[in-house]
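Naming: A, B, ... by sequence-line order, numbering from 1 per chain. Computed from a prediction, not measured in an experiment: that's the story for all the values here.
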Protein chains: 2
Amino acid sequence: MAHAGVTVERLAEAAAELADEVGLENVTVSELARRFGVKDASLYSHIRNAHELRVRVAVLALAELADRVAAALAGRAGKDALVAFANAYRDYAKEHPGRYTATQVELDLETAKASAARRHSDMTRAILRGYSLAEPDQTDAVRLLGSTFHGFVSLEQAGGFRHHPRGADESWGRVLDTLDVALRNWPTHAGDPEASRTP
Amino acid sequence: MAHAGVTVERLAEAAAELADEVGLENVTVSELARRFGVKDASLYSHIRNAHELRVRVAVLALAELADRVAAALAGRAGKDALVAFANAYRDYAKEHPGRYTATQVELDLETAKASAARRHSDMTRAILRGYSLAEPDQTDAVRLLGSTFHGFVSLEQAGGFRHHPRGADESWGRVLDTLDVALRNWPTHAGDPEASRTP
DNA sequence: CTCCTTTTCCTAGGGCTCCTAGGAATTCAC
DNA sequence: GTGAATTCCTAGGAGCCCTAGGAAAAGGAG
(Lines give C-alpha, C1' and ligand atoms only; values in the text may rest on other atoms or scores of the structure.)
Protein backbone atom coordinates (compact mmCIF):
# COMPACT_ATOMS: atom_id res chain seq x y z
CA MET A 1 0.00 0.00 0.00
CA ALA A 2 3.04 2.21 -0.12
CA HIS A 3 3.56 4.63 -2.94
CA ALA A 4 3.60 3.06 -6.33
CA GLY A 5 6.34 5.36 -7.56
CA VAL A 6 4.35 7.16 -10.19
CA THR A 7 6.18 10.04 -11.82
CA VAL A 8 5.29 12.28 -14.71
CA GLU A 9 8.25 10.86 -16.58
CA ARG A 10 7.34 7.23 -15.97
CA LEU A 11 3.76 8.09 -16.82
CA ALA A 12 4.75 9.61 -20.13
CA GLU A 13 6.97 6.62 -20.91
CA ALA A 14 4.19 4.16 -20.10
CA ALA A 15 1.75 6.21 -22.15
CA ALA A 16 4.15 6.11 -25.10
CA GLU A 17 4.44 2.34 -24.89
CA LEU A 18 0.70 1.99 -24.57
CA ALA A 19 0.27 4.22 -27.61
CA ASP A 20 2.54 1.95 -29.65
CA GLU A 21 0.50 -1.06 -28.57
CA VAL A 22 -3.05 0.15 -28.99
CA GLY A 23 -2.83 3.45 -30.83
CA LEU A 24 -2.66 6.94 -29.43
CA GLU A 25 -6.43 7.42 -29.43
CA ASN A 26 -6.77 4.46 -27.07
CA VAL A 27 -4.30 5.75 -24.52
CA THR A 28 -6.53 6.13 -21.52
CA VAL A 29 -5.99 7.37 -17.99
CA SER A 30 -7.80 4.32 -16.65
CA GLU A 31 -5.59 1.84 -18.45
CA LEU A 32 -2.44 3.61 -17.32
CA ALA A 33 -3.66 3.58 -13.74
CA ARG A 34 -4.30 -0.14 -14.09
CA ARG A 35 -0.75 -0.70 -15.28
CA PHE A 36 0.64 1.19 -12.33
CA GLY A 37 -1.61 -0.68 -9.92
CA VAL A 38 -3.30 2.51 -8.87
CA LYS A 39 -6.77 4.04 -9.03
CA ASP A 40 -7.35 6.32 -11.98
CA ALA A 41 -8.16 9.32 -9.79
CA SER A 42 -4.66 9.09 -8.33
CA LEU A 43 -3.05 10.02 -11.61
CA TYR A 44 -4.59 13.46 -11.50
CA SER A 45 -2.01 14.45 -8.89
CA HIS A 46 0.56 14.10 -11.67
CA ILE A 47 -1.27 15.27 -14.77
CA ARG A 48 -4.01 17.77 -15.32
CA ASN A 49 -6.09 15.80 -17.77
CA ALA A 50 -5.99 13.15 -20.47
CA HIS A 51 -4.89 15.66 -23.06
CA GLU A 52 -1.72 16.43 -21.17
CA LEU A 53 -0.90 12.75 -21.43
CA ARG A 54 -0.91 12.94 -25.20
CA VAL A 55 1.07 16.14 -25.20
CA ARG A 56 3.72 14.49 -23.08
CA VAL A 57 3.90 11.54 -25.45
CA ALA A 58 4.28 14.03 -28.28
CA VAL A 59 7.16 15.84 -26.61
CA LEU A 60 8.85 12.56 -25.77
CA ALA A 61 8.47 11.26 -29.30
CA LEU A 62 9.75 14.47 -30.86
CA ALA A 63 12.86 14.29 -28.71
CA GLU A 64 13.48 10.61 -29.44
CA LEU A 65 13.01 11.12 -33.13
CA ALA A 66 15.31 14.12 -33.17
CA ASP A 67 18.01 12.07 -31.45
CA ARG A 68 17.72 9.31 -34.00
CA VAL A 69 17.80 11.66 -36.91
CA ALA A 70 20.80 13.47 -35.48
CA ALA A 71 22.66 10.18 -35.10
CA ALA A 72 21.75 9.10 -38.61
CA LEU A 73 22.87 12.42 -40.04
CA ALA A 74 26.29 12.49 -38.39
CA GLY A 75 29.05 12.68 -40.93
CA ARG A 76 26.82 12.55 -43.96
CA ALA A 77 26.09 15.09 -46.64
CA GLY A 78 24.17 15.46 -49.89
CA LYS A 79 21.99 12.58 -50.95
CA ASP A 80 23.55 10.40 -48.30
CA ALA A 81 22.21 12.71 -45.64
CA LEU A 82 18.83 12.92 -47.32
CA VAL A 83 18.44 9.16 -47.38
CA ALA A 84 19.72 8.74 -43.83
CA PHE A 85 17.29 11.34 -42.54
CA ALA A 86 14.38 9.84 -44.41
CA ASN A 87 15.10 6.29 -43.28
CA ALA A 88 15.52 7.31 -39.66
CA TYR A 89 12.20 9.03 -39.89
CA ARG A 90 10.38 6.13 -41.51
CA ASP A 91 11.99 3.48 -39.31
CA TYR A 92 10.98 5.32 -36.19
CA ALA A 93 7.40 5.52 -37.41
CA LYS A 94 7.39 1.78 -38.07
CA GLU A 95 8.86 0.86 -34.71
CA HIS A 96 6.73 3.32 -32.77
CA PRO A 97 3.49 3.96 -34.61
CA GLY A 98 1.71 5.41 -31.60
CA ARG A 99 4.57 7.72 -30.72
CA TYR A 100 4.78 8.77 -34.34
CA THR A 101 1.10 9.66 -34.40
CA ALA A 102 1.66 11.72 -31.28
CA THR A 103 4.24 13.68 -33.24
CA GLN A 104 1.36 15.34 -35.07
CA VAL A 105 -0.64 16.61 -32.11
CA GLU A 106 -0.94 20.36 -31.92
CA LEU A 107 1.24 21.87 -29.22
CA ASP A 108 0.59 25.25 -27.71
CA LEU A 109 3.29 27.79 -28.48
CA GLU A 110 4.99 27.43 -25.11
CA THR A 111 5.23 23.65 -25.24
CA ALA A 112 6.29 23.75 -28.86
CA LYS A 113 9.22 26.03 -28.10
CA ALA A 114 10.36 23.77 -25.26
CA SER A 115 10.09 20.71 -27.52
CA ALA A 116 12.50 19.33 -30.07
CA ALA A 117 10.40 20.73 -32.90
CA ARG A 118 13.06 23.30 -33.64
CA ARG A 119 15.79 20.69 -33.85
CA HIS A 120 13.75 18.94 -36.53
CA SER A 121 13.52 21.91 -38.85
CA ASP A 122 17.16 22.75 -38.16
CA MET A 123 18.24 19.28 -39.19
CA THR A 124 16.10 19.39 -42.28
CA ARG A 125 17.78 22.64 -43.18
CA ALA A 126 21.14 21.02 -42.56
CA ILE A 127 20.37 18.48 -45.26
CA LEU A 128 19.71 21.23 -47.71
CA ARG A 129 23.23 22.57 -47.34
CA GLY A 130 24.21 19.96 -49.84
CA TYR A 131 21.87 21.54 -52.36
CA SER A 132 22.69 25.22 -51.86
CA LEU A 133 19.26 26.78 -51.68
CA ALA A 134 18.72 30.33 -50.41
CA GLU A 135 15.63 31.61 -48.61
CA PRO A 136 12.76 31.43 -49.19
CA ASP A 137 13.44 28.40 -51.38
CA GLN A 138 15.04 26.72 -48.42
CA THR A 139 11.85 26.94 -46.39
CA ASP A 140 9.85 25.67 -49.32
CA ALA A 141 12.22 22.75 -49.67
CA VAL A 142 12.01 21.98 -45.96
CA ARG A 143 8.25 21.84 -46.34
CA LEU A 144 8.49 19.66 -49.42
CA LEU A 145 10.66 17.14 -47.62
CA GLY A 146 8.57 17.20 -44.47
CA SER A 147 5.37 16.79 -46.43
CA THR A 148 6.60 13.94 -48.56
CA PHE A 149 8.17 12.01 -45.70
CA HIS A 150 5.21 12.46 -43.43
CA GLY A 151 2.73 11.78 -46.19
CA PHE A 152 4.42 8.58 -47.28
CA VAL A 153 4.79 7.24 -43.76
CA SER A 154 1.25 8.24 -42.91
CA LEU A 155 -0.27 6.59 -45.96
CA GLU A 156 1.85 3.51 -45.45
CA GLN A 157 0.75 3.26 -41.84
CA ALA A 158 -2.88 3.69 -42.84
CA GLY A 159 -2.46 0.70 -45.15
CA GLY A 160 -2.73 2.70 -48.34
CA PHE A 161 -0.01 0.75 -50.13
CA ARG A 162 -0.99 -2.72 -48.99
CA HIS A 163 -3.41 -3.68 -51.74
CA HIS A 164 -0.90 -3.39 -54.55
CA PRO A 165 1.89 -5.68 -55.71
CA ARG A 166 4.52 -2.95 -55.85
CA GLY A 167 6.35 -2.97 -52.54
CA ALA A 168 6.43 0.11 -50.40
CA ASP A 169 10.20 -0.16 -49.94
CA GLU A 170 10.85 0.06 -53.65
CA SER A 171 8.60 3.06 -54.03
CA TRP A 172 10.26 4.69 -51.05
CA GLY A 173 13.67 4.33 -52.64
CA ARG A 174 12.40 5.82 -55.85
CA VAL A 175 10.74 8.71 -54.03
CA LEU A 176 14.06 9.54 -52.39
CA ASP A 177 15.86 9.40 -55.71
CA THR A 178 13.28 11.73 -57.14
CA LEU A 179 13.52 14.19 -54.27
CA ASP A 180 17.28 14.26 -54.69
CA VAL A 181 16.90 15.10 -58.35
CA ALA A 182 14.23 17.66 -57.56
CA LEU A 183 16.39 19.43 -55.01
CA ARG A 184 19.29 19.61 -57.40
CA ASN A 185 17.06 20.92 -60.20
CA TRP A 186 15.15 23.29 -57.94
CA PRO A 187 13.06 25.56 -60.18
CA THR A 188 14.32 29.09 -59.72
CA HIS A 189 11.35 30.61 -61.53
CA ALA A 190 7.87 29.16 -61.74
CA GLY A 191 7.23 27.66 -65.16
CA ASP A 192 10.88 28.05 -66.11
CA PRO A 193 11.05 26.60 -69.64
CA GLU A 194 14.70 25.73 -69.08
CA ALA A 195 13.54 23.07 -66.67
CA SER A 196 11.71 21.09 -69.35
CA ARG A 197 14.31 18.61 -70.30
CA THR A 198 12.58 15.47 -71.55
CA PRO A 199 15.12 13.08 -73.06
CA MET B 1 -43.53 11.62 -31.82
CA ALA B 2 -43.80 10.20 -35.29
CA HIS B 3 -40.71 8.99 -37.08
CA ALA B 4 -37.99 11.56 -37.25
CA GLY B 5 -37.00 10.44 -40.73
CA VAL B 6 -33.60 9.14 -39.85
CA THR B 7 -31.84 7.41 -42.70
CA VAL B 8 -28.37 6.03 -43.03
CA GLU B 9 -27.72 8.58 -45.74
CA ARG B 10 -28.94 11.54 -43.72
CA LEU B 11 -27.04 10.18 -40.76
CA ALA B 12 -23.82 10.01 -42.73
CA GLU B 13 -24.37 13.51 -44.08
CA ALA B 14 -25.02 14.90 -40.60
CA ALA B 15 -21.98 13.07 -39.28
CA ALA B 16 -19.87 14.60 -42.04
CA GLU B 17 -21.05 18.09 -41.17
CA LEU B 18 -20.47 17.47 -37.50
CA ALA B 19 -16.98 16.22 -38.29
CA ASP B 20 -16.20 19.45 -40.12
CA GLU B 21 -17.43 21.44 -37.13
CA VAL B 22 -15.83 19.63 -34.22
CA GLY B 23 -13.36 17.18 -35.73
CA LEU B 24 -13.87 13.56 -36.65
CA GLU B 25 -12.79 12.24 -33.26
CA ASN B 26 -15.63 14.20 -31.64
CA VAL B 27 -18.34 12.80 -33.88
CA THR B 28 -20.48 11.03 -31.35
CA VAL B 29 -23.61 8.95 -31.59
CA SER B 30 -25.16 10.95 -28.76
CA GLU B 31 -24.63 14.30 -30.42
CA LEU B 32 -26.06 13.04 -33.70
CA ALA B 33 -29.11 11.69 -31.90
CA ARG B 34 -29.52 15.09 -30.28
CA ARG B 35 -29.46 16.80 -33.65
CA PHE B 36 -32.11 14.46 -34.99
CA GLY B 37 -34.24 14.95 -31.89
CA VAL B 38 -34.03 11.29 -31.05
CA LYS B 39 -32.61 9.13 -28.27
CA ASP B 40 -29.15 7.78 -28.94
CA ALA B 41 -30.26 4.17 -28.65
CA SER B 42 -32.58 4.74 -31.60
CA LEU B 43 -29.69 5.23 -33.98
CA TYR B 44 -28.57 1.66 -33.51
CA SER B 45 -31.44 0.57 -35.77
CA HIS B 46 -29.57 2.32 -38.57
CA ILE B 47 -25.93 1.76 -37.76
CA ARG B 48 -24.10 -1.02 -36.01
CA ASN B 49 -21.76 1.09 -33.90
CA ALA B 50 -19.90 4.37 -33.74
CA HIS B 51 -17.15 3.07 -35.98
CA GLU B 52 -19.56 2.51 -38.85
CA LEU B 53 -20.42 6.18 -38.57
CA ARG B 54 -16.84 7.15 -39.30
CA VAL B 55 -16.56 4.64 -42.10
CA ARG B 56 -19.63 6.14 -43.73
CA VAL B 57 -18.16 9.61 -43.45
CA ALA B 58 -15.02 8.27 -45.06
CA VAL B 59 -16.89 6.75 -48.00
CA LEU B 60 -18.90 9.92 -48.46
CA ALA B 61 -15.80 12.10 -48.36
CA LEU B 62 -13.88 9.91 -50.79
CA ALA B 63 -16.75 10.14 -53.27
CA GLU B 64 -17.12 13.91 -52.90
CA LEU B 65 -13.42 14.45 -53.28
CA ALA B 66 -13.25 12.21 -56.32
CA ASP B 67 -16.06 14.23 -57.94
CA ARG B 68 -14.26 17.48 -57.30
CA VAL B 69 -10.98 16.21 -58.62
CA ALA B 70 -12.66 14.82 -61.70
CA ALA B 71 -14.30 18.17 -62.39
CA ALA B 72 -11.03 20.01 -61.87
CA LEU B 73 -9.19 17.64 -64.17
CA ALA B 74 -11.61 17.89 -67.09
CA GLY B 75 -9.89 19.14 -70.21
CA ARG B 76 -6.50 19.64 -68.63
CA ALA B 77 -3.20 17.92 -69.17
CA GLY B 78 0.41 18.12 -68.08
CA LYS B 79 1.30 20.57 -65.37
CA ASP B 80 -2.11 22.16 -65.69
CA ALA B 81 -3.70 18.90 -64.66
CA LEU B 82 -1.20 18.42 -61.84
CA VAL B 83 -1.95 21.83 -60.37
CA ALA B 84 -5.70 21.44 -60.80
CA PHE B 85 -5.65 18.10 -59.06
CA ALA B 86 -3.52 19.35 -56.23
CA ASN B 87 -5.61 22.44 -55.63
CA ALA B 88 -8.87 20.54 -55.70
CA TYR B 89 -7.40 18.23 -53.11
CA ARG B 90 -6.10 20.98 -50.86
CA ASP B 91 -9.20 23.13 -51.18
CA TYR B 92 -11.42 20.25 -50.20
CA ALA B 93 -9.32 19.61 -47.13
CA LYS B 94 -9.59 23.25 -46.13
CA GLU B 95 -13.34 23.44 -46.65
CA HIS B 96 -14.02 20.10 -45.02
CA PRO B 97 -11.31 19.31 -42.50
CA GLY B 98 -13.35 16.63 -40.72
CA ARG B 99 -14.33 14.90 -43.92
CA TYR B 100 -10.74 15.07 -45.06
CA THR B 101 -9.52 13.42 -41.90
CA ALA B 102 -12.09 10.69 -42.46
CA THR B 103 -10.45 10.06 -45.82
CA GLN B 104 -7.61 8.40 -43.94
CA VAL B 105 -9.57 5.88 -41.89
CA GLU B 106 -8.77 2.29 -42.69
CA LEU B 107 -11.49 0.59 -44.71
CA ASP B 108 -11.91 -3.16 -44.82
CA LEU B 109 -11.28 -4.64 -48.24
CA GLU B 110 -14.97 -4.92 -49.11
CA THR B 111 -15.80 -1.33 -48.25
CA ALA B 112 -12.65 -0.10 -49.93
CA LYS B 113 -13.59 -1.76 -53.20
CA ALA B 114 -17.07 -0.24 -53.10
CA SER B 115 -15.61 3.18 -52.36
CA ALA B 116 -14.18 5.80 -54.67
CA ALA B 117 -10.64 4.89 -53.62
CA ARG B 118 -10.03 3.35 -57.02
CA ARG B 119 -11.17 6.48 -58.84
CA HIS B 120 -8.56 8.41 -56.89
CA SER B 121 -5.62 6.32 -58.00
CA ASP B 122 -7.02 6.19 -61.53
CA MET B 123 -7.16 9.95 -61.69
CA THR B 124 -3.68 10.30 -60.29
CA ARG B 125 -2.50 7.95 -63.00
CA ALA B 126 -4.33 10.06 -65.55
CA ILE B 127 -2.21 13.04 -64.57
CA LEU B 128 0.92 11.07 -65.21
CA ARG B 129 -0.02 10.53 -68.85
CA GLY B 130 1.44 13.95 -69.44
CA TYR B 131 4.77 12.68 -68.17
CA SER B 132 4.96 9.31 -69.94
CA LEU B 133 6.05 7.01 -67.16
CA ALA B 134 5.83 3.24 -67.49
CA GLU B 135 5.25 0.78 -64.66
CA PRO B 136 6.47 0.43 -62.01
CA ASP B 137 7.63 4.04 -62.11
CA GLN B 138 4.05 5.10 -62.59
CA THR B 139 3.02 3.52 -59.31
CA ASP B 140 5.98 5.10 -57.57
CA ALA B 141 5.02 8.47 -59.00
CA VAL B 142 1.42 8.02 -57.89
CA ARG B 143 2.70 7.38 -54.41
CA LEU B 144 5.01 10.37 -54.52
CA LEU B 145 2.17 12.68 -55.48
CA GLY B 146 -0.25 11.18 -52.99
CA SER B 147 2.32 11.38 -50.22
CA THR B 148 3.33 14.96 -50.90
CA PHE B 149 -0.20 16.26 -51.29
CA HIS B 150 -1.48 14.47 -48.24
CA GLY B 151 1.58 15.32 -46.20
CA PHE B 152 1.43 19.01 -47.02
CA VAL B 153 -2.28 19.30 -46.35
CA SER B 154 -1.94 17.28 -43.19
CA LEU B 155 0.92 19.35 -41.80
CA GLU B 156 -0.83 22.55 -42.79
CA GLN B 157 -4.00 21.44 -41.02
CA ALA B 158 -2.02 20.49 -37.93
CA GLY B 159 -0.69 24.03 -37.84
CA GLY B 160 2.85 23.07 -38.76
CA PHE B 161 3.36 26.06 -41.06
CA ARG B 162 1.73 28.69 -38.88
CA HIS B 163 4.71 29.84 -36.84
CA HIS B 164 6.76 30.99 -39.79
CA PRO B 165 6.60 34.12 -41.93
CA ARG B 166 6.71 32.26 -45.26
CA GLY B 167 3.12 31.74 -46.37
CA ALA B 168 1.82 28.25 -46.97
CA ASP B 169 0.35 29.25 -50.33
CA GLU B 170 3.72 30.31 -51.68
CA SER B 171 5.36 27.10 -50.53
CA TRP B 172 2.53 25.11 -52.04
CA GLY B 173 3.07 26.72 -55.41
CA ARG B 174 6.76 26.01 -55.24
CA VAL B 175 6.15 22.41 -54.22
CA LEU B 176 3.95 21.93 -57.28
CA ASP B 177 6.59 23.47 -59.53
CA THR B 178 9.14 21.14 -58.06
CA LEU B 179 6.97 18.08 -58.49
CA ASP B 180 6.41 19.02 -62.10
CA VAL B 181 10.13 19.26 -62.67
CA ALA B 182 10.70 16.03 -60.79
CA LEU B 183 8.17 14.13 -62.88
CA ARG B 184 9.71 15.37 -66.10
CA ASN B 185 13.20 14.46 -64.88
CA TRP B 186 12.13 11.14 -63.41
CA PRO B 187 15.31 9.24 -62.51
CA THR B 188 15.40 6.11 -64.62
CA HIS B 189 18.18 4.53 -62.57
CA ALA B 190 18.94 5.12 -58.94
CA GLY B 191 21.92 7.40 -58.52
CA ASP B 192 21.96 8.15 -62.23
CA PRO B 193 24.84 10.60 -62.65
CA GLU B 194 23.16 12.05 -65.72
CA ALA B 195 20.56 13.52 -63.40
CA SER B 196 23.05 15.77 -61.66
CA ARG B 197 22.70 18.91 -63.58
CA THR B 198 23.50 21.81 -61.30
CA PRO B 199 23.66 25.05 -63.31
C1' DC C 1 12.50 11.69 17.59
C1' DT C 2 8.58 14.56 17.01
C1' DC C 3 5.79 17.80 14.71
C1' DC C 4 4.33 19.92 10.62
C1' DT C 5 3.98 20.30 5.63
C1' DT C 6 3.79 18.40 1.19
C1' DT C 7 2.98 14.75 -1.78
C1' DT C 8 0.74 10.66 -3.10
C1' DC C 9 -3.01 7.87 -3.00
C1' DC C 10 -7.69 6.70 -1.61
C1' DT C 11 -13.11 6.53 -1.69
C1' DA C 12 -17.23 8.56 -3.46
C1' DG C 13 -19.65 10.28 -6.94
C1' DG C 14 -21.37 12.98 -11.22
C1' DG C 15 -21.45 13.30 -16.10
C1' DC C 16 -20.74 11.68 -20.66
C1' DT C 17 -20.18 8.02 -23.95
C1' DC C 18 -21.24 3.37 -26.27
C1' DC C 19 -24.11 -0.29 -26.62
C1' DT C 20 -27.78 -4.16 -25.49
C1' DA C 21 -32.36 -5.84 -24.33
C1' DG C 22 -36.95 -5.82 -24.73
C1' DG C 23 -41.17 -3.47 -25.78
C1' DA C 24 -44.35 0.00 -28.05
C1' DA C 25 -45.72 2.59 -31.94
C1' DT C 26 -45.72 3.48 -36.73
C1' DT C 27 -45.45 2.20 -41.48
C1' DC C 28 -45.52 -1.11 -45.26
C1' DA C 29 -47.04 -5.16 -47.98
C1' DC C 30 -50.51 -7.97 -49.09
C1' DG D 1 -57.63 -4.80 -42.37
C1' DT D 2 -53.97 -7.81 -40.72
C1' DG D 3 -49.39 -9.41 -40.21
C1' DA D 4 -44.61 -8.20 -40.66
C1' DA D 5 -40.96 -5.13 -40.64
C1' DT D 6 -39.12 -0.84 -39.28
C1' DT D 7 -38.45 2.96 -36.24
C1' DC D 8 -38.32 4.64 -31.88
C1' DC D 9 -38.76 4.22 -26.89
C1' DT D 10 -37.30 3.25 -21.74
C1' DA D 11 -34.09 0.99 -18.78
C1' DG D 12 -29.77 -0.17 -17.64
C1' DG D 13 -24.75 -1.82 -17.63
C1' DA D 14 -20.02 -0.76 -18.47
C1' DG D 15 -16.10 2.29 -19.37
C1' DC D 16 -14.11 6.70 -19.45
C1' DC D 17 -12.90 11.58 -17.55
C1' DC D 18 -12.63 14.37 -13.81
C1' DT D 19 -13.66 16.75 -9.01
C1' DA D 20 -13.96 16.89 -3.99
C1' DG D 21 -12.40 15.82 0.26
C1' DG D 22 -9.82 12.95 3.27
C1' DA D 23 -6.11 9.41 4.84
C1' DA D 24 -1.54 7.79 4.64
C1' DA D 25 3.19 8.19 3.49
C1' DA D 26 7.50 10.97 2.85
C1' DG D 27 10.41 14.73 3.89
C1' DG D 28 12.18 18.69 6.53
C1' DA D 29 12.86 21.62 10.91
C1' DG D 30 13.54 21.84 15.38
Side-chain angles (χ1 to χ4, degrees), chain A residues 1-60 97-99 101-102 105-108 111, chain B residues 1-60 98-99 101-102 104-108 111:
Chain A
M1 303 325 147
H3 286 198
V6 177
T7 324
V8 212
E9 289 77 20
R10 295 181 59 188
L11 217 44
E13 183 61 39
E17 267 168 39
L18 181 57
D20 287 337
E21 292 171 22
V22 302
L24 185 69
E25 72 281 5
N26 296 324
V27 170
T28 176
V29 177
S30 319
E31 175 60 26
L32 276 179
R34 240 169 269 135
R35 297 198 170 193
F36 276 92
V38 149
K39 298 296 173 186
D40 58 346
S42 303
L43 295 190
Y44 289 89
S45 310
H46 303 274
I47 53 167
R48 257 152 75 103
N49 49 37
H51 180 248
E52 183 181 336
L53 219 51
R54 279 139 217 208
V55 169
R56 289 196 180 273
V57 175
V59 172
L60 184 125
R99 285 161 153 100
T101 304
V105 313
E106 274 210 68
L107 303 179
D108 56 290
T111 313
Chain B
M1 302 317 152
H3 286 199
V6 177
T7 324
V8 214
E9 289 78 20
R10 296 182 58 188
L11 217 44
E13 181 62 38
E17 267 168 39
L18 181 57
D20 287 337
E21 293 171 21
V22 301
L24 186 67
E25 72 281 5
N26 296 323
V27 169
T28 176
V29 177
S30 320
E31 175 59 26
L32 275 179
R34 241 168 268 135
R35 297 198 170 194
F36 276 93
V38 150
K39 298 296 173 186
D40 58 345
S42 302
L43 295 190
Y44 290 89
S45 309
H46 303 275
I47 54 166
R48 259 154 69 109
N49 49 36
H51 179 249
E52 183 181 335
L53 219 51
R54 279 141 217 206
V55 169
R56 289 196 180 274
V57 175
V59 171
L60 183 122
R99 284 161 153 102
T101 303
Q104 302 297 325
V105 314
E106 275 209 68
L107 303 179
D108 57 290
T111 312

### Query
Is there a side-chain contact between B/V6 and B/S42 (heavy atoms, below 4.5 Å)?
no

### Query
Whole Å only: how far is the CZ atom of B/R48 from the C1' atom of C/dC19?
13 Å

### Message
Please check: side-chain N/O of B/D40 versus main-chain N/O of B/V29, any donor-acceptor pairing under 3.5 Å?
### Response
no

### Residues A/R99, A/E21: salt bridge by 4.0 Å N-O rule
no

### Message
Without decimals, in angstroms, what is the distance between B/L43 CG and D/dT7 P?
### Response
12 Å

### Message
In this structure, how many angstroms lie between the C1' atom of C/dT11 and the OH atom of A/Y44, rounded?
### Response
16 Å

### Query
Rounded to the nearest 0.5 Å, what separation is found between the CG atom of A/L43 and the CD atom of A/E52?
11.5 Å

I'd like a list of close polar pairs between nucleotides 12-14 of chain C and the protein, N/O only, cut-off under 3.5 Å.
none

### Query
Is the phosphate of D/dC8, meaning OP1 or OP2, less than 4.0 Å from a side-chain N or O of B/H46?
yes

### Query
Is there a donor-acceptor pair under 3.5 Å between the side chain of B/R56 and the backbone N or O of B/A15?
no

### Query
Is there a donor-acceptor pair closer than 3.5 Å between any side-chain N or O of B/T111 and the backbone N or O of B/L107?
no

## Note on the structure
Contact check, residues 49-57 of chain B vs DNA chain D, heavy-atom distance under 4.0 Å, returns none

### Residues touching DNA chain C, which here means a heavy atom under 4.0 Å, drawn from residues 6-37 of chain A
A/V6

### Query
Can you check whether A/S42 has a side-chain N or O nearer than 4.0 Å to OP1 or OP2 of C/dC10?
yes

### Message
Could you tell me if the side chain of B/V27 sits less than 4.5 Å from the side chain of B/V57, heavy atoms only?
### Response
no

### Query
D/dT10, D/dT7, C/dT8: which one has an atom nearest the side-chain heavy atoms of B/K39?
D/dT10

### Closest non-hydrogen atom pair, B/T7 against B/E9
CG2-OE1, 2.7 Å

### Task
Check whether any side-chain heavy atom of A/V105 sits under 4.5 Å from a side-chain heavy atom of A/L24, and report yes or no.
yes

### Polar side-chain atom of B/R10 near backbone of B/G5 as donor-acceptor pair, under 3.5 Å
yes

### Query
Looking at CZ of B/R54 and CD of B/E106, how far apart are the two atoms once the value is rounded to the nearest 0.5 Å?
15.0 Å

